[in-house]
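Okay, so here's the structure we're looking at.
Read the numbers this way: they start at 1 and go in the same order the structure lists the ligands and their atoms. Below, each value reflects all heavy atoms present in this structure, side chains not excepted, and no hydrogens, waters or symmetry copies.
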Amino acid sequence: MTQIAFIGLGNMGSGMCANLAKAGYDVRAFDLNPDAVKKAEASGAKGAPSVADAVREADVVVSMLPAGKHVLSVYFGDDGVAAHAGPGKLFLDCSTISVEDAREAAGKAQAAGFPMVDAPVSGGTAAADAGTLTFMVGGPKEAFDKAKPFLDVMGKNVFHAGAAGNGQVAKIANNMLLGISMIGTCEAFNLAAKLGLDAQTFFDISSTASGQCWSMTSYCPAPGPVPTAPSNRDYQPGFAIAMMLKDLKLALASAQGADAETPLGQLAEEIYAKLDDDGHGGLDFSGVMKRLQGAL
Ligand code: NAD
């Protein structure tokens, strides 16, 4: 039976790991947090006491870690994945990290003889639990083809974005657009309200006019028009401002390195950073609406 090592069993990784176990794979799960390992055991994986134990017999290593420094140290640090995995085994990192870190990791993996893909996701914890994530994958086509059956278990849409790091490029460019469009949508609903137009009426008009966008029709920041949106539960829980800020910082750092102009990305980063500094990092990113209303 195919054995999978899964490293990083947090908010996202726990559901992804559970779906691989549910699909019948022999999953060896490791996290620095023992409670996370216990939770993985309860969902059908076998707990591993270390990275080395998790990867030793594994055919593929999947990781879902906080940031680039964790990915580089888990894979290539002393006692890391590369030191203990079998020759030529597949590395599949799903964390959101910088393009530069992803390319560095892929280069190190290649030098050590391991195929590696970066496969960041779109979709939050609900999609991770339900196995309906979207994966954006960077890496050689042969590595993508090997990774795809595992990604299909954890996700609904799997895209090959091109060479190493291109999965992260797709992710940060998409999320920069999302961060900007959400602020614009908040401003439009706030302006309409201040000038006497209620949210539902504005939604009915704009969602069928040229202002239509995902931030409006799937995630409306004004309570009412989209019942499932976090705005209907006082912007909790959701896609946290702190997470959006992380993605914007990654986008801006890469933009600077590539000499790409991103003036609105910069402004969006400042707006979310101010909210985060003021202690609202846990609020859903559509909570910008509350700031515009003077409620924060
Ligand atoms: P999390 O903090 O809940 O989970 C990360 C896990 O990694 C933790 O359990 C932590 O203990 C573990 N970890 C850290 N260092 C480790 C190490 N050296 N060895 C083993 N385990 C280690 O984070 P999350 O919300 O699951 O996010 C994970 C990644 O997914 C991030 O890159 C994030 O940007 C991305 N992401 C998150 C969401 C979301 O909605 N939460 C959505 C899309 C993408």
Next on the checklist: Run the salt bridge (charged side-chain N to carboxylate O under 4.0 Å, His left out) test on Glu270 and Lys274 for me, step by step, so that the C-alpha distance in whole Å, both residues' side-chain angles and the decisive distance to 0.1 Å come before the verdict.
Outcome noted: CA-CA 6 Å; Glu270 286 165 20; Lys274 178 82 175 71; over 6 Å; no
Checklist entry - List by chain and number: which residues place a heavy atom under 4.0 Å from ligand 1? => result Ile7, Gly8, Leu9, Gly10, Asn11, Met12, Phe30, Asp31, Leu32, Met64, Leu65, Pro66, His70, Val74, Ser95, Thr96, Val121, Gly123, Gly124, Lys171, Met243, Lys246
Salt bridge [X]-[Y], side-chain N to carboxylate O under 4.0 Å:
X	Y	result
Asp234	Lys290	yes
Lys171	Asp118	no
Lys39	Asp35	no

Next on the checklist: Under the side chain to side chain contact (heavy atoms under 4.5 Å, CB included) test against Thr185, which residue among Cys220, Pro221, Ser286, Ser206 passes?
Outcome noted: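 Exactly one option meets the side chain to side chain contact (heavy atoms under 4.5 Å, CB included) with Thr185, and it is Pro221.
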Checklist entry - Can you list the residues that meet the salt bridge (charged side-chain N to carboxylate O under 4.0 Å, His left out) rule with Lys249, with sequence neighbours excluded? => result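 Residues passing salt bridge (charged side-chain N to carboxylate O under 4.0 Å, His left out) with Lys249: Glu269.
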